[in-house]
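Okay, structure first, notes after.
We name chains A, B, ... by the order of the sequence lines, and we start the count at 1 in each one.
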Protein chains: 2
Amino acid sequence: MSAQGAPFQPVQPVRAYQRVAEQIEDRILSGDLPPGSRLPAERELVNQFAVGRSTVREALRVLQSAGLVRSRPGDPQGAEVLGVTSDNLSRALGRLARSQISTLGELVQFRMVLEAESNRLAARLHSESDLARMSEQIERMESLSKVGLHAFSEADALFHRAVAEASGNSLLGLCARAVHDAVVEVIEQKIAKAADATVWMERSVAHHRQVLAAIRDGDGARAAQLGRQALYDYYADHVEDDTRRLLTAALEDG
Amino acid sequence: MSAQGAPFQPVQPVRAYQRVAEQIEDRILSGDLPPGSRLPAERELVNQFAVGRSTVREALRVLQSAGLVRSRPGDPQGAEVLGVTSDNLSRALGRLARSQISTLGELVQFRMVLEAESNRLAARLHSESDLARMSEQIERMESLSKVGLHAFSEADALFHRAVAEASGNSLLGLCARAVHDAVVEVIEQKIAKAADATVWMERSVAHHRQVLAAIRDGDGARAAQLGRQALYDYYADHVEDDTRRLLTAALEDG
DNA sequence: GAATTCAACTGGTCTGACCAGTCGCCTGGT
DNA sequence: ACCAGGCGACTGGTCAGACCAGTTGAATTC
């Protein structure tokens, strides 16, 4: 042990733009500066922080790349506060997916885990209004399946969001969505959904009805297994051969 | 459907610093510019990209805040490429935790899900060398428990990393680590570990041995349950009262 | 050969300028 | 009284050039 009691902590230099960014970020995260509110103009921030404009701009860049803020040229009201979103999470996961660090198989497996767990928790913790929302989205999916794939996917996303809300864990939902986006980004062009989109959408609606039924029954295991199986069926043929065992392993987890 | 065939896509302006950042990011993600390699100096990038220095700097700020590069004043070799890490994921999750969007209970529950699933998959897919690595880290934890909490935690992290590698899904490990860091950031000061750190470390070593045994036996369910239970025992008293049911629900999943 | 000095870098910051875009007011015509 | 159009005062995006403090490595000195 050290003889002089608490040793001094090493201190690394803190850049000016970091302190500016931290101050603004703290205000946003603390609820001061709520979403929709506006930051002062850059030249005004220069006065308030007593730093150069480039410093202010680098700080704003950091906040913007974190998804906390959005700025638009010529906006007389200054940068808009967006609040905390899952955008940055999605981007981070997307990068992991695009790098060799994680393969498509890992992404899909991860999604299987997240959606299955989301379903399982929803089965345990759902409320009546949650069920109503899920049901509503399934109806929308069915009606939108005649309109187009894009609208259909949107309703699909809303269904999963409703499930995530029912599970009581928004984080699960956000991550699942981020991974979903990452998967789509990586693989979308490889799957020629358009060929039998109608058939696929019909089957998807039927699958979602099954999930909803399992959640309503409080049968977490079945809800989880349904989610896993659907992902497996859909993606198993498209992942690298050597990572398919990951999916198989995840599939048999329940 | 539209009468003119494919409609034109709306186009939003792309800033110069974005294109600079994208070019560099692509090179990093594609494996060109591997971790440890160096970017040219800023003034050299100014020449190569034919933009002003502030533009280059804003691009570098974006990359740096994404955890892809790190720069240091006076470094004659230029910014260092870090590759894709979980840092940004951690920061994003930390922000979600610090805002009202997600509670500590959700974070812990999420961690329960991730670690349990990681353990379960490791039990199914592990190799002998994986087991050796886990065992080695447990030995290190035991010996380091006399040195200090910090060193202990480091070995602990390496154990979980070994588990994640055994599970075949690095994404799970990175996310688990990110959530772990976020939890630590939010709650660390609230838990007075120091008081009975020795006792806690002893119990932790015993717990890790149990997990390792379950993984070695291929008993995924038990490995998962052990992971969940340990987190529950450790954190249940520290989460908000109204989110403890989340942990309970996650606990009873297996 | 080892210690010291120094010059050529580096990234961080500031200043001041210009551009294109946006908004709001103010004017002119109806 | 109302609406259209234009004009100016902003905005953020970009560039150029300068200075500073820090690092590095080679030349210099002992």
Side-chain angles (χ1 to χ4, degrees), chain A residues 10-25 27-28 33 35-83 87, chain B residues 8-25 27-28 33 35-83 87:
Chain A
V11 52
Q12 71 276 8
V14 179
R15 311 287 164 215
Y17 76 89
Q18 284 179 355
R19 283 191 299 225
V20 172
E22 276 168 23
Q23 278 199 48
I24 299 177
E25 177 172 343
R27 290 255 203 138
I28 295 177
L33 290 179
S37 63
R38 298 308 185 107
L39 257 46
E42 288 181 4
R43 290 163 176 87
E44 174 58 25
L45 291 174
V46 167
N47 291 333
Q48 296 191 19
F49 286 108
V51 296
R53 182 139 97 104
S54 48
T55 301
V56 165
R57 283 183 59 76
E58 290 185 22
L60 290 178
R61 276 290 89 83
V62 171
L63 296 174
Q64 182 173 343
S65 82
L68 293 172
V69 139
R70 174 177 51 186
S71 55
R72 189 179 44 124
D75 189 336
Q77 306 190 78
E80 181 183 2
V81 175
L82 294 178
D87 284 8
Chain B
F8 293 114
Q9 294 298 318
V11 52
Q12 72 275 7
V14 179
R15 311 286 164 217
Y17 75 89
Q18 285 179 354
R19 283 191 298 225
V20 172
E22 276 168 24
Q23 278 198 49
I24 298 177
E25 178 172 343
R27 290 255 203 138
I28 295 177
L33 289 179
S37 63
R38 300 306 186 108
L39 256 45
E42 289 180 4
R43 290 163 176 86
E44 173 57 25
L45 290 174
V46 167
N47 291 334
Q48 295 190 20
F49 285 108
V51 295
R53 181 139 99 100
S54 48
T55 300
V56 165
R57 283 183 59 76
E58 290 185 22
L60 290 177
R61 273 298 83 87
V62 172
L63 296 174
Q64 182 173 343
S65 82
L68 292 172
V69 304
R70 174 176 50 187
S71 54
R72 191 181 43 130
D75 190 336
Q77 305 191 81
E80 181 183 2
V81 175
L82 295 178
D87 284 7

For DNA chain D, note the earliest and the latest nucleotide, 5' to 3', having some atom under 4.0 Å of a heavy atom belonging to chain B.
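Under 4.0 Å from chain B, the extent on DNA chain D is D:dG13 to D:dT24.
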Check against side-chain contact (heavy atoms from CB on, under 4.5 Å), B:L82 and B:I28
CA-CA 9 Å; B:L82 295 178; B:I28 295 177; over 6 Å; no
CG of A:L39 to CD of A:E80: how many Å apart, nearest 0.5 Å?
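So the CG of A:L39 and the CD of A:E80 are separated by 10.5 Å.
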Looking at CG of A:L60 and CD of B:E58, how far apart are the two atoms once the value is rounded to the nearest 0.5 Å?
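Going from the CG atom of A:L60 to the CD atom of B:E58 covers 9.0 Å.
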Going by atom type alone, with no hydrogens or angles, which donor-acceptor pairs under 3.5 Å involve a side-chain atom of residues 47-54 of chain B and a protein atom two or more places apart or on another chain?
residue: B:Q48; atom: NE2; partner: B:E44; partner atom: OE2; Å: 3.2
residue: B:R53; atom: NH1; partner: B:E42; partner atom: OE1; Å: 2.4

N/O contacts under 3.5 Å, protein versus nucleotides 8-10 of chain C?
residue: C:dT10; atom: O3'; partner: B:D75; partner atom: O; Å: 3.2
residue: C:dT10; atom: O2; partner: B:G74; partner atom: N; Å: 3.4

List the atom pairs, donor and acceptor, that lie under 3.5 Å between side-chain atoms in residues 15-24 of chain A and the rest of the protein, sequence neighbours left out.
residue: A:Y17; atom: OH; partner: B:R61; partner atom: NE; Å: 3.2
residue: A:Y17; atom: OH; partner: B:Q64; partner atom: NE2; Å: 3.4
residue: A:Q18; atom: OE1; partner: A:R15; partner atom: N; Å: 3.4

Restricting to side-chain contact (heavy atoms from CB on, under 4.5 Å), what partner residues turn up for B:R72, sequence neighbours left out?
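Scan of B:R72 (side-chain contact (heavy atoms from CB on, under 4.5 Å), adjacent residues dropped) gives B:D75.
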Does any N or O in the side chain of B:R38 come within less than 3.5 Å of the main-chain N or O of B:G78, such that one atom is a donor and the other an acceptor?
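Here the side-chain-to-backbone pair exists.
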So which of residues 54-64 of chain A are in contact with DNA chain D, with a heavy-atom cut-off of under 4.0 Å?
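Within residues 54-64 of chain A, the residues near DNA chain D are A:R57, A:R61.
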Return the residues of residues 13-24 of chain B meeting this criterion: a heavy atom under 4.0 Å from some atom of DNA chain D. Order them by number, or give none.
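Nucleic-acid contacts, sorted: B:R15, B:A16, B:Y17.
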For the residue pair B:V81 and B:L33, what are the closest heavy atoms and their distance?
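Where B:V81 meets B:L33 most closely, the heavy atoms are CG1-O, 3.5 Å.
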Locate the shortest heavy-atom distance separating A:S71 from A:A79; write the atom from each residue and the value.
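The answer is CB-CB, 4.0 Å.
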Report the residue (A:A50 or A:R53) whose heavy-atom-nearest nucleotide on DNA chain C is the more 5′ of the two.
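Looking at the nearest nucleotide for each, A:A50 comes out on the 5' side.
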Please enumerate all residues that pass salt bridge (Lys or Arg N to Asp or Glu O under 4.0 Å) together with [X], with sequence neighbours excluded.
X: A:E25; answer: B:R95
X: A:D87; answer: none
X: B:R43; answer: none

